[in-house]
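Heads up, the thing below is written out as structure tokens.
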Amino acid sequence: MHVSGYVKDRTLYINLSGEMDECSSRDARTHCDKLIDENVAAKKIIINLSEVAFMDSTGIGFLIGRYKKANRINVPLYIQKPNFAADKILNLSGIYSLIPKAE
């Protein structure tokens, strides 16, 4: 799992690519949390999933953890561009009631 991030117009964009599973989620979690901690003045956080090739339930836990972290600092979190398979898992989990899709 590769994690990169940048800030534009006070929005923190976090791009994930690769496979989101139990093996890769620990490093991704650490890197994402560091990006969030370094950008607490952001108005919103968008996690781009367009390059995530595979996601299992670990990915849902990962997203909920980032939601909780963002919520503690009062910054809304959004999911952007999940592929068809990830979108199906996210819909079934009900995560969009917590973390909406970015337009």
Note to self: My understanding is that only residues two or more places apart in sequence, or in another chain, count here; which of them pass side chain to side chain donor-acceptor pair (under 3.5 Å) with Asn71?
What the structure shows: none
Item checked: Qualifying residues under salt bridge (charged side-chain N to carboxylate O under 4.0 Å, His left out), relative to Lys81, sequence neighbours excluded -> none
Check: In chain order, what residues pass the side chain to side chain donor-acceptor pair (under 3.5 Å) check against Tyr6, with sequence neighbours excluded?
Finding: none
Note to self: Let me confirm one number: the CG-NZ distance from Leu12 to Lys43, rounded to the nearest 0.5 Å.
What the structure shows: 15.0 Å
Next item on the list: Could I get the full list of salt bridge (charged side-chain N to carboxylate O under 4.0 Å, His left out) partners for Asp87, not counting sequence neighbours?
Entry: Lys101
Item checked: Listed partners of Ala28 passing side-chain contact (heavy atoms from CB on, under 4.5 Å), at least two apart -> Met1, Val3, Met20, Phe62
Checklist line | Residues that Asp33 engages under side chain to side chain donor-acceptor pair (under 3.5 Å), provided they are two or more places apart | finding: Arg66
Margin query: Rounded at 0.5 Å granularity, tell me how far CD1 in Ile14 sits from CG in Asn39.
Written below: 8.5 Å
Next item on the list: Flag the pair Ile36 / Val75 as yes when at least one side-chain heavy-atom distance between them is below 4.5 Å, and no otherwise.
Entry: no
Check: With sequence neighbours left out, what residues match Asn74 under side chain to side chain donor-acceptor pair (under 3.5 Å)?
Finding: none
Next item on the list: Could you grab the distance from atom CD1 of Ile79 to atom CG of Leu90, nearest 0.5 Å is fine?
Entry: 5.0 Å
Next item on the list: Please list, chain by chain and in numerical order, all residues satisfying side-chain contact (heavy atoms from CB on, under 4.5 Å) with Lys88, sequence neighbours excluded.
Entry: Leu92
Margin query: Measuring from atom NZ of Lys44 to atom OH of Tyr13, what distance do you get when rounded to the nearest 0.5 angstrom?
Written below: 6.0 Å
Check: Going only through I, L, V, M, F, W and Y residues with side-chain contacts under 4.5 Å, is there a path from Val7 to Ile45?
Finding: yes
Item checked: Heavy-atom neighbours of Glu22 CD exceed 12 at 6.0 Å -> no
Check: How far does CE of Met55 sit from CG of Leu16, to the nearest 0.5 angstrom?
Finding: 7.5 Å
Check: By salt bridge (charged side-chain N to carboxylate O under 4.0 Å, His left out), which residues pair with Asp9, not counting sequence neighbours?
Finding: none
Next item on the list: Mind checking the CG-CG spacing from Asn15 to Leu35? Nearest 0.5 Å is all I need.
Entry: 10.0 Å
Next item on the list: Just jot down the side-chain contact (heavy atoms from CB on, under 4.5 Å) partners of Ile89, sequence neighbours excluded, or say none.
Entry: Ile60
Checklist line | Heavy-atom pair with the smallest gap, counting every atom of Tyr67 and Leu98 | finding: CE1-O, 3.5 Å
Note to self: Using every non-hydrogen atom in the two residues, find where Leu49 and Pro82 come nearest and quote the distance to one decimal.
What the structure shows: CB-CA, 3.9 Å
Item checked: side-chain contact (heavy atoms from CB on, under 4.5 Å) assessment of Ile99 paired with Ile47 -> CA-CA 10 Å; Ile99 310 170; Ile47 298 181; over 6 Å; no
Notebook entry, point to check: If Ile, Leu, Val, Met, Phe, Trp and Tyr residues are connected whenever their side-chain heavy atoms lie under 4.5 Å apart, and connections chain through other members, are Leu77 and Ile64 in the same group?
Noted result: yes
Next item on the list: Provide the full list of ring pair (Phe, Tyr, Trp, His ring centres under 6.0 Å) pairs with a residue in residues 14-57, sequence neighbours left out, each pair given once.
Entry: none
Notebook entry, point to check: Does any pair with a residue in residues 47-57 pass side-chain hydrogen bond (donor to acceptor under 3.5 Å, both in side chains), and if so which ones, sequence neighbours excluded?
Noted result: Asn48-Ser50, Asn48-Gln80, Asp56-Thr58
